[in-house]
Amino acid sequence: MELLKVLLGAFFVFTGTMLFGLVHMSIAIHVQGYRVANIFDNLTWTGTWAPFILSIVQMLVGAVLIAMGLKSGKAQEETDVDEEAASEEGWE
């Protein structure tokens, strides 16, 4: 397992989820008629879909990095087992 890919992927998933939650929380607060700090206005009233798209892309990139990190770790374990078997046969 490549720990760096897994940790980086977890970071992307975490930050993407937080951004996605902030956007939806700001929409829910604004619908009720409240005016909150500028962060919520900046997230929802940019006139673009950028916060939504960014959060979804972050979560997808994080999931791919985690999958790649776990998959490469399994491939490395299989290679180590094959090398050990070959070295044991060579000694006999």
Side-chain angles (χ1 to χ4, degrees):
M1 174 171 66
E2 291 188 28
L3 188 60
L4 183 61
K5 283 184 183 177
V6 173
L7 290 176
L8 190 60
F11 176 75
F12 273 113
V13 169
F14 176 72
T15 56
T17 304
M18 293 299 292
L19 179 60
F20 198 70
L22 280 173
V23 169
H24 284 89
M25 184 174 69
S26 64
I27 291 170
I29 290 171
H30 187 74
V31 166
Q32 297 297 322
Y34 297 109
R35 303 272 310 153
V36 187
N38 287 338
I39 185 172
F40 298 123
D41 289 335
N42 290 336
L43 286 173
T44 55
W45 299 109
T46 57
T48 66
W49 288 85
F52 291 108
I53 293 170
L54 179 64
S55 64
I56 292 169
V57 167
Q58 279 183 307
M59 289 187 280
L60 290 175
V61 166
V64 168
L65 282 172
I66 291 172
M68 286 173 43
L70 294 175
K71 185 177 180 181
S72 66
K74 289 180 184 176
Q76 183 64 33
E77 289 174 5
E78 291 174 2
T79 304
D80 292 343
V81 170
D82 291 342
E83 288 176 358
E84 288 177 9
S87 66
E88 287 176 5
E89 290 175 6
W91 287 102
E92 294 180 0

Between Phe20 and Ser55 the two heavy atoms that sit nearest each other are CD1-OG, 3.1 Å
Atom pair [atom1]/[atom2] of [X] and [Y] - distance to nearest 0.5 Å:
X	Y	atom1	atom2	answer
Ile56	Leu19	CD1	CG	10.0 Å
Leu8	Leu3	CG	CG	11.0 Å
Thr15	Leu22	OG1	CG	11.0 Å

Pairs involving residues 5-26, ordered by first then second residue, that meet salt bridge (charged side-chain N to carboxylate O under 4.0 Å, His left out) (sequence neighbours left out):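 Sorted result for residues 5-26: Glu2-Lys5.
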Under the salt bridge (charged side-chain N to carboxylate O under 4.0 Å, His left out) definition, can you give me all pairs with a residue in residues 50-69, not counting sequence neighbours?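 For residues 50-69, and leaving out neighbouring residues, there are no salt bridge (charged side-chain N to carboxylate O under 4.0 Å, His left out) pairs at all.
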For Met59, run the side chain to side chain contact (heavy atoms under 4.5 Å, CB included) check against Leu54, Thr17, Val64 and tell me which one passes. Thr17
Determine, using the 4.5 Å side-chain heavy-atom cutoff (strictly less than), whether Val61 and Ile53 are members of one ILVMFWY cluster. yes
Kindly work out whether a path of hydrophobic side-chain contacts (I/L/V/M/F/W/Y, heavy atoms less than 4.5 Å apart) joins Phe11 to Leu7.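 Looking at the clustering, Leu7 is in a separate group from Phe11.
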